[in-house]
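Shown below is the structure under consideration.
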Amino acid sequence: MEEQKENCPQAARPPGKLHCRVSDQETNGKNTASNPNDFSDPVYKEIAMTNGYINRMTRDELRSKLAEFKLDTRGVKDVLKKRLKNYYKKQKLMQKEPVNGDSYYDYICVVDFEATCEEGNPPEFIHEIIEFPVVLLNTHTLEIEDTFQQYVKPEINPKLSEFCVGLTGITQDIVDKADTFPQVLQNVVDWMRQRELGTKYSYCMLTDGSWDMSKFLNIQCRVSRIKHPSFAKKWINIRKSYGNFYKVPRNQTKLMIMLEKLGMSYDGRPHSGLDDSKNIARIAIRMLQDGCQLRVNEKMHAGQLMTVSSSAPLEGAPAPQMPRYRN
């Protein structure tokens, strides 16, 4: 619910003529046994030199080089530069130490709730979740593997405002026939368990901003008198990840703007929770393709929203289970 919430080019090579030929040979044909995490390693000088050439390339030159490597050529110039830099860096570092495919989440669960709302959203208004979607993104295939969607019957404000119906497309008849939140959450837990998340496969949650978990889910759990689910206490805020990775200000990390800057258009109906989640997943896929390691960057602790350091160990969410009822 967004509104609410290559071989290095030689020094003599002229700018814009980047020749990112990926080779098994190191600089001057010598192999080195030094630690690739040691920034004195010659490979980092190669990467820095290449980054300089990439910075001087035109958009057409960037697109041509990306096409040569069969990479996506859509997006604004800064996105194209980042994509090419990360491709080159990944290729050079993989020559020195192959990436361990088991060191990252197997799946990312993208969630974007829709909640009751009124025009202007008075501060005393209590938002209740009315759509619970989950999009299951396979980080190995970079494809959406499965989806879950159920509507939820609100309890405090059971009658939806005209504004809410118009915004979300969710009608009164839909929520009247829906289950209450505890039952829908149990269905989500069962769905995740069937896909062996947290047991056979590692995973984490991802949202567009902080509000879905820190506000909407937190409020809903209090309304439903249940604890905050353990699997949703840490998540990836893709807005933060996008801003940090592509080096753009916070006001350029809204869903529509992120899609536009990546050369994509919105697919579906805006403010449909499931369609929003699918489009957020498309952004996540593009970022993973561009070399970003999406990782948990926010959490709930003692009822408060907190930042998770990028240096924290990469940990998957626990096996999902239904939370206990509050006393």
Discussion item. List the residues meeting side-chain contact (heavy atoms from CB on, under 4.5 Å) with Ala284, not counting sequence neighbours, and say none if there are none.
Written reply: Leu137, Leu206, Ile238, Leu294
Worksheet item: With side chains defined as the heavy atoms from C-beta onward, is the minimum distance between Tyr104 and Leu288 less than 4.5 Å?
Response: yes
Discussion item. Would you say CD of Gln304 has more than 12 non-hydrogen atoms from neighbouring residues, nucleotides or ligands within 6.0 angstrom?
Written reply: no
Fill in: 4.5 Å side-chain heavy-atom contact, Lys234 and Met205
no
Worksheet item: Do Ile174 and Phe132 share a hydrophobic cluster (ILVMFWY, side-chain heavy atoms under 4.5 Å, transitive)?
Response: no
Worksheet item: How close do Met256 and Pro270 get, heavy atom to heavy atom, and via which atoms?
Response: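 For Met256 versus Pro270, the nearest heavy atoms are CE-CG, 3.7 Å.
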Worksheet item: Once you round to the nearest 0.5 Å, how far does NZ of Lys254 lie from CG of Leu259?
Response: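 Separation between the atoms: 14.0 Å.
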Discussion item. As a quick check of understanding, evaluate side-chain contact (heavy atoms from CB on, under 4.5 Å) for Ile226 and Leu185, giving each step before the final call.
Written reply: CA-CA 10 Å; Ile226 56 176; Leu185 181 59; 3.7 Å; yes
Worksheet item: Which heavy atom of Met322 sits nearest a heavy atom of Arg193, and at what distance?
Response: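 Heavy-atom minimum between the residues: N-NH2, 4.5 Å.
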Discussion item. I need the Cys204 SG to Ile108 CD1 distance, nearest 0.5 Å.
Written reply: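 Answer rounded to 0.5 Å: 5.0 Å.
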Worksheet item: Would you find a donor on one side and an acceptor on the other, under 3.5 Å apart, between the side chain of Glu131 and the backbone of Leu274?
Response: yes
Discussion item. If I take atom NE2 from residue His140 and atom CG from residue Asn138, how far apart are they, to the nearest 0.5 angstrom?
Written reply: 6.0 Å
Discussion item. Does Glu119 have more than 12 heavy atoms from other residues, nucleotides or ligands lying within 6.0 Å of its CD?
Written reply: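 Atom CD in Glu119 is not packed in, count stays at 12 or less.
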Practice prompt. For Asn187, enumerate each residue passing the side-chain contact (heavy atoms from CB on, under 4.5 Å) test, keeping only those at least two apart in sequence or located in another chain.
Written response: Phe148, Gln150, Asp179, Gln183
Discussion item. Applying a strict under-4.5 Å side-chain criterion to I, L, V, M, F, W and Y, I'd like to know whether Ile170 and Phe113 cluster together.
Written reply: no
Practice prompt. Take Asp78 and Lys82, measure what salt bridge (charged side-chain N to carboxylate O under 4.0 Å, His left out) needs, and give me the verdict at the end.
Written response: CA-CA 6 Å; Asp78 286 345; Lys82 186 73 172 180; over 6 Å; no
Worksheet item: Quick one: is the NZ or CZ of Arg83 closer than 6.0 Å to the six-membered ring centre of Tyr87, and within 45° of its axis?
Response: no
Worksheet item: Looking only at heavy atoms, what is the nearest atom pair of Met258 and Thr253, with distance?
Response: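 Answer, listing the atom of Met258 first, then Thr253: CE-O, 3.2 Å.
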Discussion item. Within the 3.5 Å criterion, strictly below it, is a donor on Asp190 or Gln194 matched to an acceptor on the partner's side chain?
Written reply: no
Fill in: Exercise: identify the closest heavy-atom pair between Tyr325 and Pro182
OH-CB, 3.6 Å
Item to complete: Could you please spell out the steps behind the side-chain contact (heavy atoms from CB on, under 4.5 Å) verdict for Met213 and Asn218?
Response: CA-CA 6 Å; Met213 298 303 185; Asn218 201 36; over 6 Å; no
Discussion item. I'd like to know if the side chain of Arg282 reaches the main chain of Lys278, judged simply by a donor and an acceptor atom lying under 3.5 Å from each other, with no hydrogens or angles considered.
Written reply: no
Worksheet entry | Between Tyr107 and Glu145: side-chain donor-acceptor atoms closer than 3.5 Å |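 A pair is found: one side chain offers a donor N or O, the other an acceptor, under 3.5 Å apart.
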Discussion item. Quick check: do Leu197 and Leu136 have side-chain heavy atoms less than 4.5 Å from each other?
Written reply: yes
Worksheet entry | Flag for Thr307-Lys240: side-chain donor and acceptor within less than 3.5 Å |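 A pair is found: one side chain offers a donor N or O, the other an acceptor, under 3.5 Å apart.
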Practice prompt. Starting at CG of Asp176, measure out to CG of Leu160 and round the result to the nearest 0.5 Å.
Written response: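 Going from CG on Asp176 over to CG on Leu160, the span is 8.0 Å.
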Item to complete: Indicate if Ile156 and Val152 have the same hydrophobic cluster label, given that clusters are the connected sets of ILVMFWY residues with side-chain heavy-atom separations under 4.5 angstrom.
Response: no
Worksheet entry | Evaluation steps, side-chain hydrogen bond (donor to acceptor under 3.5 Å, both in side chains), between Asp275 and Tyr266 | CA-CA 9 Å; Asp275 286 349; Tyr266 188 95; 5.1 Å; no
Worksheet item: Who passes ring-ring contact (aromatic ring centres under 6.0 Å, His included) against Tyr151, sequence neighbours left out?
Response: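 Expected list: none.
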Discussion item. Assess the residue pair Glu118 and Ser161 against the criterion (side-chain hydrogen bond (donor to acceptor under 3.5 Å, both in side chains)); give the C-alpha distance rounded to whole Å, side-chain angles, the decisive distance to 0.1 Å, and a yes or no.
Written reply: CA-CA 6 Å; Glu118 291 185 350; Ser161 67; 5.8 Å; no
Fill in: Side-chain donor-acceptor pair present, Thr168, Glu114, cut-off under 3.5 Å
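Per modelled atom types, Thr168 and Glu114 side chains form no pair under 3.5 Å.
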Item to complete: Decide whether Trp235 and Phe216 are clustered together by the hydrophobic rule: side chain heavy atoms of Ile, Leu, Val, Met, Phe, Trp, Tyr closer than 4.5 Å, transitively.
Response: yes
Worksheet item: Can you list the steps and then say if His127 with Asn157 is a side-chain contact (heavy atoms from CB on, under 4.5 Å)?
Response: CA-CA 9 Å; His127 298 281; Asn157 293 298; over 6 Å; no
Worksheet entry | From Ile285 atom CD1 to Ile144 atom CD1, the distance as rounded to the nearest 0.5 Å | 5.0 Å
Worksheet item: Would Leu217 end up clustered with Ile219 when hydrophobic side chains under 4.5 Å apart are linked, directly or stepwise?
Response: no
Discussion item. Quick one: does any side-chain atom of Ser64 pair with a main-chain N or O of Asp60 as donor and acceptor, under 3.5 Å?
Written reply: no
Item to complete: Flag the pair Val223 / Phe181 as yes when at least one side-chain heavy-atom distance between them is below 4.5 Å, and no otherwise.
Response: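 Counting from C-beta outward, Val223 and Phe181 never come under 4.5 Å.
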Worksheet entry | Side chain to side chain, Asn237 and Tyr242, heavy atoms closer than 4.5 Å | no
Discussion item. If we count only N and O atoms by modelled type, under 3.5 Å, do the side chains of Glu128 and Gln220 hold a donor and an acceptor together?
Written reply: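 Glu128 vs Gln220: no donor-acceptor pair found between side chains.
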Worksheet item: Taking the side chain as C-beta and beyond, is there a heavy-atom pair between Leu314 and Tyr105 under 4.5 Å?
Response: yes
Fill in: Arg326 to His228 - nearest heavy-atom pair and separation
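Nearest heavy atoms, Arg326 then His228: NH2-N, 4.3 Å.
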Worksheet item: Between the main-chain N or O of Ala312 and the side-chain N or O of Arg295, is there a donor-acceptor pair closer than 3.5 Å?
Response: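 Judged by distance alone, yes, a pair lies under 3.5 Å.
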Fill in: Residues, nucleotides or ligands: over 12 heavy atoms within 6.0 Å of Lys81 NZ
yes
Item to complete: Check for a donor-acceptor pair, side chain of Gln91 on one end and backbone N or O of Tyr88 on the other, with a separation under 3.5 Å.
Response: no
Worksheet, complete the sentence: Scanning both residues in full, the closest heavy-atom pair of Ala67 with Thr73 reads N-CG2, 3.8 Å
Practice prompt. Check the pair His301 / Met306 against side-chain contact (heavy atoms from CB on, under 4.5 Å), numbers first and verdict last.
Written response: CA-CA 7 Å; His301 180 70; Met306 300 183 70; 3.4 Å; yes
Discussion item. Can you see whether Asp112 engages Thr207 through a side-chain donor-acceptor pair at a distance of less than 3.5 angstrom?
Written reply: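 Result is no, nothing qualifies.
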Discussion item. Strictly distance-based, threshold 3.5 Å: is any side-chain N or O of Asn279 a donor or acceptor partner for the main-chain N or O of Asp267?
Written reply: yes
Discussion item. Between Lys65 and Leu84, is there a side-chain heavy-atom distance shorter than 4.5 Å?
Written reply: yes
Discussion item. Would you say that more than 12 heavy atoms from the other residues, nucleotides or ligands in this model lie under 6.0 Å from the NZ of Lys153, or not?
Written reply: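 For Lys153, atom NZ is not crowded (no more than 12 foreign heavy atoms under 6.0 Å).
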Practice prompt. Measure the spacing between CD1 of Ile54 and CE of Met49 and express it to the nearest 0.5 Å.
Written response: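 So the CD1 of Ile54 and the CE of Met49 are separated by 12.0 Å.
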Worksheet item: Do Ser224 and Glu155 have side-chain heavy atoms sitting under 4.5 Å apart?
Response: yes
Worksheet item: Near Arg269 CZ, under 6.0 Å, is it more than 12 heavy atoms from other residues, nucleotides or ligands?
Response: yes
Fill in: Sole candidate of Asp290, Asn51, Asn55 that passes side chain to side chain donor-acceptor pair (under 3.5 Å) when paired with Lys85
Asn55
